Amino acid sequence: MLFVDSIIRTKGKGNLIVISAPSGAGKGTVIDGVMKINNNLWLSVSMTSRKMRSNDIPGETYFFVSKEEFEERIKEGVFLEYAIYNGNYYGTPKDKIQEKLDQGIDVILEIEIQGALKVKELVPDAIFIFILPPSMKELRRRLVNRGTDSKEKVLERFKTAYKEINEVTKYNYVVINDEVEKAVSKVNAILLSERCRVDRIEDVYLDNMEEEIHELLVDKDLDNDPIEI
Ligand code: 5GP
């Protein structure tokens, strides 16, 4: 489908956006905020073999399956990418993604780094955003304050985060989540800028406008509105 703006015709395809962050950086909150102010977005729902948590909603936060079912899906070629993270499978089903992109809707994949790097190989022009906490001290504070994990789990998450942060240079953009509102508007600004890229133009669309342009050139109003030099 082609989208005709007045002067240009854009390719009309949505962008594939990959967002990663170490746990505790507040990625979920930032993405929720962006989804609220930007209605041209679709957040992909992943499949996982991890256990459901109390705040999970099946089919909304994840599609929950057993390890065996997940392995079946891998064989069937259901996933764009998948990875094992903390001993569980996580994967992005590819079925709806192309459909949304073809409708001109931007698709967000909220995935960890191994998966993001696989997407980078498959779709090099996807947009990669990394969300960081303002400091390691603040990250540790946020992990402890969650209050859902044991001390060992907090330290394990903290160490994983430390390793993950080193991968930031493989991404196109980095957003520090010091204040949620600021981080939301930065991510939204990235999405809006990406939609304005010149390489999204299919055609400059002046051919059918010759008559209109001619009229504009001979516009009598210009005589009444002299151009001052
Ligand atoms: P959690 O278990 O806390 O929901 O997620 C753990 C990690 O898995 C997070 O970093 C999350 O972004 C990532 N994740 C969620 N879905 C996918 C997916 O489909 N593929 C990959 N590679 N990672 C995912």
Side-chain angles (χ1 to χ4, degrees), residues 15-38 41-48 50-57 60-62 80-92 106-120 126-194:
N15 288 315
L16 184 62
I17 296 133
V18 176
I19 305 187
S20 306
S23 104
K27 174 181 53 166
T29 320
V30 174
I31 293 176
D32 283 350
V34 177
M35 299 291 295
K36 280 195 190 115
I37 56 171
N38 190 321
L41 291 178
W42 182 74
L43 179 61
S44 163
V45 180
S46 297
M47 195 173 280
T48 184
R50 85 144 157 74
K51 287 213 177 72
M52 244 201 275
R53 296 183 191 134
S54 57
N55 56 348
D56 276 316
I57 305 171
E60 221 171 274
T61 48
Y62 286 103
L80 174 69
E81 64 70 40
Y82 69 91
I84 297 175
Y85 186 84
N86 284 341
N88 296 308
Y89 281 116
Y90 293 86
T92 307
D106 288 349
V107 171
I108 297 192
L109 309 183
E110 182 186 341
I111 63 179
E112 52 67 70
I113 294 159
Q114 309 164 66
L117 296 180
K118 279 187 215 155
V119 176
K120 198 170 182 182
I127 299 149
F128 295 83
I129 304 175
F130 201 90
I131 298 182
L132 279 181
S135 67
M136 293 308 283
K137 199 172 166 194
E138 173 61 13
L139 179 75
R140 189 174 177 281
R141 195 190 65 79
R142 289 182 192 173
L143 289 175
V144 172
N145 279 7
R146 273 184 179 181
T148 50
D149 295 318
S150 62
K151 194 177 165 202
E152 289 72 36
K153 229 4 202 200
V154 167
L155 289 178
E156 195 185 307
R157 282 179 188 275
F158 186 72
K159 275 191 219 152
T160 309
Y162 172 69
K163 280 189 223 141
E164 287 175 339
I165 287 169
N166 285 306
E167 306 287 344
V168 61
T169 53
K170 297 184 175 135
Y171 286 67
N172 303 114
Y173 295 96
V174 59
V175 170
I176 310 273
N177 182 19
D178 43 1
E179 280 173 47
V180 175
E181 263 180 40
K182 276 196 208 162
V184 167
S185 60
K186 281 182 193 168
V187 172
N188 198 41
I190 294 167
L191 305 187
L192 298 181
S193 316
E194 286 288 340

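Computed from a prediction, not measured in an experiment: that's the story for all the values here.
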Exercise. Does any non-hydrogen side-chain atom of Asp106 lie less than 4.5 Å from one of Ile127?
Worked result: no
Exercise. Who pairs with Asn172 by side chain to side chain donor-acceptor pair (under 3.5 Å), at least two apart in sequence or on another chain?
Worked result: none
Report, one line per pair, each donor and acceptor closer than 3.5 Å where one atom sits in a side chain of residues 150-159; sequence neighbours left out.
residue	atom	partner	partner atom	Å
Ser150	OG	Lys153	N	3.3
Arg157	NE	Asp149	OD2	3.1
Arg157	NH1	Ser23	OG	3.3

Exercise. Between atom OG1 of Thr160 and atom CD1 of Ile113, what is the distance when rounded to the nearest 0.5 Å?
Worked result: 10.0 Å
Seminar exercise, completed: Sequence neighbours excluded, the answer for side chain to side chain donor-acceptor pair (under 3.5 Å) partners of Glu110 is none
Exercise. Does Asn177 use its side chain to pair, donor to acceptor, with the backbone of Ile131 at less than 3.5 Å?
Worked result: no
For this session: For Arg50, check salt bridge (Lys or Arg N to Asp or Glu O under 4.0 Å) against everything at least two apart and list the hits.
Result: Asp56
Problem set entry | Residues which pass side chain to side chain contact (heavy atoms under 4.5 Å, CB included) with Ser185, listed by chain and number, not counting sequence neighbours | none
Problem set entry | side chain to side chain contact (heavy atoms under 4.5 Å, CB included) partner of Thr48, chosen from Tyr82, Tyr85, Tyr62 | Tyr62
Problem set entry | Approximate separation, where rounding is to 0.5 Å, of Ile31 CD1 and Leu43 CG | 6.0 Å
Exercise. How close do Ile108 and Met35 get, heavy atom to heavy atom, and via which atoms?
Worked result: CD1-SD, 4.4 Å
Exercise. Do Asn55 and Thr61 touch side chain to side chain, with heavy atoms closer than 4.5 Å?
Worked result: no
Problem set entry | Counterpart residues, salt bridge (Lys or Arg N to Asp or Glu O under 4.0 Å), relative to Lys170 (two or more places apart) | Glu167
Problem set entry | Minimum side-chain heavy-atom gap Lys120-Phe128 below 4.5 Å | yes
Problem set entry | Summary of side chain to side chain donor-acceptor pair (under 3.5 Å) pairs that have at least one residue in residues 133-142, sequence neighbours excluded | Glu138-Arg141, Glu138-Arg142
Problem set entry | Set of side chain to side chain contact (heavy atoms under 4.5 Å, CB included) partners for Ile84, sequence neighbours left out | Tyr89
Problem set entry | Pairs meeting criterion ring pair (Phe, Tyr, Trp, His ring centres under 6.0 Å) with involvement of residues 163-182, two or more places apart | Phe130-Tyr171
Exercise. Would a 4.5 Å heavy-atom cut-off, applied to side chains only, mark Leu132 and Ile165 as touching?
Worked result: yes
Seminar exercise, completed: Between Ala116 and Ile111 the two heavy atoms that sit nearest each other are N-CD1, 3.6 Å
For this session: Answer whether the closest heavy-atom distance between the side chains of Tyr162 and Leu139 falls below 4.5 Å.
Result: no
Problem set entry | Listed once per pair and sorted, the salt bridge (Lys or Arg N to Asp or Glu O under 4.0 Å) pairs that draw on residues 16-37, sequence neighbours left out | none
Problem set entry | For the student: nearest non-hydrogen atoms of Glu112 and Ala83, plus distance | OE2-CB, 3.4 Å
Seminar exercise, completed: So salt bridge (Lys or Arg N to Asp or Glu O under 4.0 Å) across residues 182-192, not counting sequence neighbours, yields Glu179-Lys182
For this session: Could you check Val184, Asn188, Ile129 and say which one makes a side chain to side chain contact (heavy atoms under 4.5 Å, CB included) with Val30?
Result: Val184
